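Residue numbering restarts at 1 for every chain, and letters A, B, ... go by the order of the sequence lines. The structure presented is a predicted model; accordingly, all values stated were derived computationally and were not measured.
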Protein chains: 2
Amino acid sequence: MSVATVSRSFSGSQPVSAGVRERVHEVSRRLGYRPNAVARSLRMDATKTLGLVIPNITNPFFTEVARAVEAAAWRDGYSLMLGNTDEDPKKEERYLDVLLGKQIDGIIISPASATSPHLAEVEAAGVPVVFLDRAAAGVDAPVVRADGRLAVGALVEYLANLGHERMAIISGPPETVSGRERLGTFLEEAERLGVEMPPEMVRAGDFRQKSGERAMRELLALERPPTAVFAANNLMALGALTEAKKAGVAIPDDLSFASFDDSRWFELMTPSISAISQPLEELGEAAARLLTESLEGGGGKPESVILDAELVLRDSCVEPGKKPS
Amino acid sequence: MSVATVSRSFSGSQPVSAGVRERVHEVSRRLGYRPNAVARSLRMDATKTLGLVIPNITNPFFTEVARAVEAAAWRDGYSLMLGNTDEDPKKEERYLDVLLGKQIDGIIISPASATSPHLAEVEAAGVPVVFLDRAAAGVDAPVVRADGRLAVGALVEYLANLGHERMAIISGPPETVSGRERLGTFLEEAERLGVEMPPEMVRAGDFRQKSGERAMRELLALERPPTAVFAANNLMALGALTEAKKAGVAIPDDLSFASFDDSRWFELMTPSISAISQPLEELGEAAARLLTESLEGGGGKPESVILDAELVLRDSCVEPGKKPS
DNA sequence: TACGCCCGCGTAAACGTTTACCATGCTTGT
DNA sequence: ACAAGCATGGTAAACGTTTACGCGGGCGTA
């Protein structure tokens with residue numbers, strides 16, 4: 001009963017007679033032996049571990065996607081290392097360093113900054129990368145995300161049709177594709193429909209709750225406040241709604257409101273909140289699949305996956321100036 | 001320039017002259033060399049990695065705690081492996097196996113079942129365990145959780161004082177300490193206050209949204225439905241509220257409602273929802289700290305950490321039978 | 001100048017696998 | 001009955017670190 005036999009019994013890489021295999025397993029059970037995956041990884045040059053590096057697990061978007069990634073990874077025999085960057089490029093860099101050092105097989109990342117020299121290193125190290133929701137320049141890796149343009153366009157049209165002439169957007173950081181896309185589409189569509197968007201109607205946030213609060217506060221303090229507000233993600237929507245409630249503005253009577261990212265709570269609120277919903281499950285599943293496929297298949301880089309976001313209309317937008325009877 | 005020198009230059013375990021260290025780093029940078037943590041782990045018998053095994057990252061309680069765990073682990077130089085068990089003991093077992101195989105240094109777990117033979121193996125393997133929120137029998141490991149008894153007791157008293165005589169509880173699974181504690185305290189306190197709790201007023205859920213919906217549906221279908229409902233966690237609260245809204249029951253006029261676990265959305269709802277809030281940040285931080293301390297310190301098992309939950313009263317509970325004017 | 005010490009660095013073993021290669025013994029065909 | 005072949009399992013090298021040990025040279029002291 002040599003080490004080789006034990007290895008073969010566990011991995012099944014080479015045939016072992018049934019009797020010996022039985023004995024190996026019996027003895028292992030008795031001694032509490034368990035194959036050491038670290039040694040295995042060293043020898044095999046594969047850790048069966050994926051890195052998931054995201055700005056904020058607390059953001060329901062990432063929570064849900066992380067869950068789907070975990071499920072898909074687990075199904076394919078991979079474990080998941082979670083890295084929360086807090087939107088901090090420095091922390092992100094150090095996470096990439098650590099994960100590379102730990103020899104993860106692939107990485108799913110939603111980069112905090114538009115350009116990441118460290119990601120280039122990851123690529124250089126031959127570790128497959130999949131971008132989630134956002135991409136960084138200079139790195140040739142597939143992106144998995146939802147295309148919000150159709151839905152944002154539809155939302156602006158919907159608001160314009162209701163008669164809104166002073167719409168505001170609480171946008172995401174311009175360094176992120178998703179932030180840029182949502183703002184860009186909003187502005188383009190507004191222009192197309194002849195709705196003016198003066199600078200004070202565009203407040204740049206950072207996808208975090210606090211910035212939503214601040215933006216809403218500023219908007220409400222305007223001499224001529226908007227009649228409709230769109231928040232470019234769920235956390236900022238939460239902040240904006242909190243601030244609106246604190247200020248005593250009634251939605252939708254005083255102010256129409258909608259947000260990017262749906263929430264399980266929107267349905268329950270009074271009024272229920274219109275939102276743009278992304279296929280979170282599919283996004284996470286696709287990200288993990290892209291990675292495992294390029295790991296198993298070994299073939300060339302996989303294609304990007306762009307799914308559609310969907311506008312879910314509820315009761316939070318009405319015609320402007322319509323006061324409760 | 002031997003391997004030993006390189007190792008010493010990077011780890012600093014032994015002194016290396018400044019000149020040589022410089023040269024090592026310069027060459028490493030040029031060649032894109034990076035120390036292999038897998039080999040290091042094999043040699044050192046430590047992976048600087050913690051396992052976090054939870055039932056459902058989608059549950060805001062765990063999301064928030066996971067975030068705090070990640071932050072604390074990162075601060076102390078540890079990475080985090082995330083395992084989502086979906087409340088499935090089988091998946092949990094296999095996760096423990098995988099994580100043990102991967103030689104994680106410690107594990108934080110919120111077990112799906114009250115008794116876990118595999119956890120005993122973890123203990124036997126000498127891997128420190130910290131229980132989060134729930135504990136499993138037969139394993140001598142510290143627990144980090146919030147004690148809900150004071151808050152639940154206060155809530156029952158509050159409801160009784162409002163005049164409720166028919167209260168219902170949507171409880172968690174009796175296999176979990178937290179589920180048992182919340183139900184037990186509720187019943188004890190009700191009895192103490194002379195409020196009867198017939199069996200139909202106690203609906204056992206499983207901490208998931210669906211079970212909250214079902215429970216609320218059943219409660220509303222009762223011949224004499226309750227005047228107040230308490231959901232034993234946030235997901236079931238979400239389900240219950242969804243069902244209530246669907247059924248057209250007005251809260252708080254037709255039904256008072258409160259839940260265990262606070263939510264950022266409760267404040268925003270109409271009415272705002274009273275809830276019992278747990279110190280999520282502190283729980284996560286404590287769990288990670290317990291683990292890293294027992295890893296670094298090496299001393300005996302750390303003590304359990306039991307923090308207090310806090311009753312946050314809002315507008316979702318009123319006197320029963322009080323119809324809107 | 002000579003001796004001993006200490007500092008800095010190299011050599012090599014060890015961590016627990018996997019696997020190419022080899023030895024052994026059995027089966028099979030003639 | 002004997003040779004050839006095959007199934008089975010053992011031997012040892014390799015993966016990339018860390019670290020005990022040893023060696024050489026520079027420095028201080030007498």
Can you tell me how far [atom2] of [N] sits from [atom1] of [X], to the nearest Å?
{"X": "B/Met44", "N": "D/dT19", "atom1": "CE", "atom2": "C1'", "result": "9 Å"}
{"X": "B/Phe10", "N": "D/dT19", "atom1": "CZ", "atom2": "P", "result": "16 Å"}
{"X": "B/Arg23", "N": "C/dC9", "atom1": "CZ", "atom2": "P", "result": "10 Å"}

Can you tell if the side chain of [X] reaches within under 4.5 Å of the side chain of [Y], non-hydrogen atoms only?
{"X": "B/Ile54", "Y": "B/Thr85", "answer": "no"}
{"X": "A/Leu119", "Y": "A/Ile109", "answer": "yes"}
{"X": "A/Thr63", "Y": "A/Thr58", "answer": "no"}
{"X": "A/Lys90", "Y": "A/Glu93", "answer": "yes"}

Just the atom pairs and distances: protein N or O near nucleotides 9-11 of chain D's N or O, under 3.5 Å.
from, atom 1, to, atom 2, distance (Å)
D/dG9, OP1, A/Ser17, OG, 2.7
D/dG9, OP2, A/Ser17, N, 3.1
D/dG10, OP1, A/Met1, N, 2.3
D/dG10, OP2, A/Ser2, N, 2.8
D/dG10, OP2, A/Ser2, OG, 3.0
D/dG10, OP2, A/Thr5, OG1, 2.2
D/dG10, N7, A/Arg8, NH2, 2.7
D/dG10, O6, A/Arg8, NH1, 3.3
D/dG10, O6, A/Arg8, NH2, 3.1

Item checked: Test of ring centre spacing under 6.0 Å for B/Tyr33 and B/Phe10 ->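 Ring centroids of B/Tyr33 and B/Phe10 are less than 6.0 Å from each other.
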Notebook entry, point to check: Do A/Tyr95 and A/His118 have ring centres separated by under 6.0 Å?
Noted result: no
Next item on the list: Look at the side-chain N and O atoms of A/Arg43 and state whether any lies under 4.0 Å from the OP1 or OP2 oxygen of D/dA14.
Entry: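 So the side chain of A/Arg43 is outside the cut-off, no N or O lying under 4.0 Å from OP1 or OP2 of D/dA14.
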Note to self: Please check: side-chain N/O of A/Arg8 versus main-chain N/O of A/Gln14, any donor-acceptor pairing under 3.5 Å?
What the structure shows: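 Judged by distance alone, no pair lies under 3.5 Å.
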Checklist line | Those residues of residues 29-39 of chain B lying under 4.0 Å from DNA chain D by at least one heavy atom | finding: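 Those residues are B/Tyr33, B/Arg34, B/Pro35, B/Asn36, B/Ala39.
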Notebook entry, point to check: Between B/Asp86 and B/Arg208, is there a side-chain N and carboxylate O pair less than 4.0 Å apart?
Noted result: no
